[in-house]
Amino acid sequence: PLVTSKELFKQAYEKGYAIGAFNVNNMEIIQGIVSAAKEEKSPLILQVSAGARKYANPIYLKKLVESAVEDTDLPIVLHLDHGEDFEICKQCIDDGFTSVMIDASHLPFEENIALTKKVVDYAHPRGVVVEAELGKLAGIEDNISVDAKDATYTNPEEAREFVEKTGVDSLAIAIGTSHGAYKFKGKPELDFERLKKISKLLPGFPLVLHGASTVLSEYVEACNKFGGDIPGAQGVPEEMIKEAAKHGVCKVNIDTDLRLAMTSAIRKHLHDNPSNFDPRKYLGEGRKAVENMVKHKIGNVLGSSDQI
Ligand code: G3H
Ligand code: 13P
Ligand code: NA
Ligand code: ZN
């Protein structure tokens, strides 16, 4: 069934695992993720960005997710990723999403609170949960200074005040992750001391880690081997994701790893089969790669297997 993340986060928090929130925008990606979650018996969050809605058309996306829900008895959350204003959040709530993110992290603190509160006030009476964001995800920079961290990473005291004043259900925090395939130039580093402080000030409250792809080297290497050009791609080490899950992080956002799995498999297929022009063959390989990647992620990194 389609569910909110309320109970899923509660159990994840208590047991110290995290639930994968996977970005979806087409049928093969959805099918690959759902097959993996089915095999692993894991709860699942499927999330849709504004860009995905634009690419696939909201109606098609919604029907694809409904098909996934019909295809399994897993608890599935349908979540709007990075909603940038009230209007898109409202549209998704009215459209049957069970969870929305309002991302007003670029706004000053008080304005972020006000906009988040406005979304919460619309969502809660309709049974929908809300994720917000406080702090800015870092770009790729070496040895970010203490001052720079204080300016961009989530301030623990502000996080507590933000949650109290908005009534938000979960909070995305900035501790050194970033979106995309190039997260670190040198040695990967996250600010775990900050995460621990935030979590201590918000006991029992679910935190969200964006930019949490691990950028698996097997897919990067396959992309590069079969005609791609993505040198220096680097993600968050698996051990760090596991550690974050022990300190209140209940939702781990993954998009880049899906893109890499899909693209590497398609590149390999087209390289090995130059005479094939049946999209089902290469998209099928992409779907299989997505399924394998997500199975590994759920079983060996997030720890959400056999939790339903
Ligand atoms: O946070 C960004 C997600 O990876 C979605 O990316 O905006 O290109 O759909 P997108
Ligand atoms: P990645 O780019 O690390 O996959 O992060 C995705 C994300 O945070 C979506 O909101
Ligand atoms: Na999100
Ligand atoms: Zn994100």
Side-chain angles (χ1 to χ4, degrees), residues 5 18-26 29-30 32-33 44-58 60-61 64-65 77-85 88-89 92 97 99-106 112 116 130-140 152-154 170-184 188-190 206-217 219-220 223 230 232-238 240-241 244-245 249-264 289-290 293-294 296-298 301-302:
S5 44
I19 298 167
F22 299 95
N23 283 75
V24 299
N25 53 59
N26 73 18
I29 292 174
I30 292 174
I33 295 166
L44 182 61
I45 301 169
L46 296 177
Q47 60 186 12
V48 171
S49 69
R53 275 165 60 85
K54 201 169 161 198
Y55 171 78
N57 175 330
Y60 284 73
L61 262 187
L64 283 171
V65 172
V77 177
L78 176 56
H79 174 77
L80 168 66
D81 191 28
H82 293 284
E84 65 166 8
D85 52 29
I88 191 171
C89 292
C92 289
F97 281 53
S99 175
V100 294
M101 176 189 194
I102 175 67
D103 180 0
S105 58
H106 56 286
N112 188 351
T116 299
V130 180
E131 170 185 332
E133 178 163 327
L134 188 62
K136 295 185 186 69
L137 293 208
I140 175 171
T152 55
Y153 289 6
T154 308
S170 63
L171 185 68
I173 50 154
I175 57 167
T177 62
S178 57
H179 291 117
Y182 305 93
K183 302 188 190 299
F184 306 98
E189 197 191 306
L190 297 185
L207 302 172
V208 179
L209 198 60
H210 282 246
S213 276
T214 54
V215 185
L216 291 94
S217 54
Y219 302 119
V220 174
C223 279
I230 45 174
Q234 191 178 180
V236 180
E238 292 183 350
M240 290 190 184
I241 302 294
V249 169
C250 296
K251 175 172 178 273
V252 165
N253 281 15
I254 298 162
D255 188 356
T256 298
D257 284 339
L258 295 164
R259 298 179 183 194
L260 289 170
M262 182 108 198
T263 300
S264 61
V290 164
M293 188 280 287
V294 174
H296 167 72
K297 194 71 77 170
I298 288 173
V301 185
L302 302 171

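A quick note: this is a predicted structure, and the numbers were derived from the prediction, not measured. When a ligand or atom number is given, it counts from 1 through the structure's own listing order.
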Could you point out which residue of I230, L216, T214 forms a side-chain contact (heavy atoms from CB on, under 4.5 Å) with L260?
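Among I230, L216, T214, the one meeting side-chain contact (heavy atoms from CB on, under 4.5 Å) with L260 is I230.
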Check N23, V100, L61 against V48 for a side-chain contact (heavy atoms from CB on, under 4.5 Å) and give me the one that passes.
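It is L61, the one option of N23, V100, L61 that forms the side-chain contact (heavy atoms from CB on, under 4.5 Å) with V48.
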Numbered atoms and elements of ligand 2 in range of H210, under 4.0 angstrom, heavy atoms
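Once the distances to H210 are compared, the set is 8 (O), 10 (O).
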Taking 4.0 angstrom as the limit and counting only heavy atoms of H82, give me the atoms of ligand 2 inside it, by number and element.
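Those qualifying, in numeric order: 10 (O).
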Okay, side chain of S213, backbone of D257: is any donor-acceptor separation there less than 3.5 Å?
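Side chain of S213 to backbone of D257, a donor-acceptor pair under 3.5 Å: yes, one is there.
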Check: A56 main-chain N/O paired with N25 side-chain donor or acceptor under 3.5 Å:
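No, the answer is negative, given that no donor and acceptor are paired below the 3.5 Å cut-off.
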Any idea which part of H82 is under 4.0 Å from ligand 1, heavy-atom wise: side chain, backbone, both or neither?
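The side chain, only.
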Does only the side chain of N23 get under 4.0 Å from ligand 1, or the backbone, or both, or neither? Count heavy atoms.
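Only the side chain of N23 comes within reach of ligand 1.
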Just heavy atoms, cut-off under 4.0 Å: does A212 contact ligand 2 by side chain, backbone, both, or neither?
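It is the backbone that touches ligand 2; the side chain stays farther off.
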Answer with side chain, backbone, both or neither: which part of N23 has a heavy atom less than 4.0 angstrom from an atom of ligand 2?
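For N23, the contact with ligand 2 is made by the side chain alone.
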Mind checking whether I254 has an N or O less than 3.5 Å away from an N or O of ligand 2?
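Between I254 and ligand 2, no N or O pair is found under 3.5 Å apart.
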Could an N or O of ligand 2 be found under 3.5 Å from any N or O of H179, whether backbone or side chain?
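Yes.
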Within less than 4.0 angstrom of ligand 1, does R259 place any heavy atom?
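Judged by the 4.0 Å heavy-atom criterion, R259 does count as contacting ligand 1.
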Does K183 come within less than 4.0 angstrom of ligand 2, counting non-hydrogen atoms of the residue?
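Yes; K183 lies near enough to ligand 2 that a heavy-atom distance drops under 4.0 Å.
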Identity and distance of the protein heavy atom lying nearest atom 9 (O) of ligand 1:
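Heavy-atom neighbour on the protein nearest atom 9 (O) of ligand 1: S49 OG, 2.6 Å.
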May I ask you to identify the nearest protein heavy atom to atom 4 (O) of ligand 1, giving residue, atom name and distance to one decimal place in Å?
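It is D255 OD2, 2.7 Å.
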Step by step, work out the side-chain contact (heavy atoms from CB on, under 4.5 Å) result for I254 and V294.
CA-CA 10 Å; I254 298 162; V294 174; over 6 Å; no
Under 4.0 Å from any heavy atom of H179, which atoms of ligand 1 are there?
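Matching atoms, with element in brackets: 1 (O).
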For the Zn ion (ligand 4), find the closest N/O/S atom belonging to H210 and write down its atom name.
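Checking each N, O and S atom of H210, the shortest distance to the Zn ion (ligand 4) belongs to ND1.
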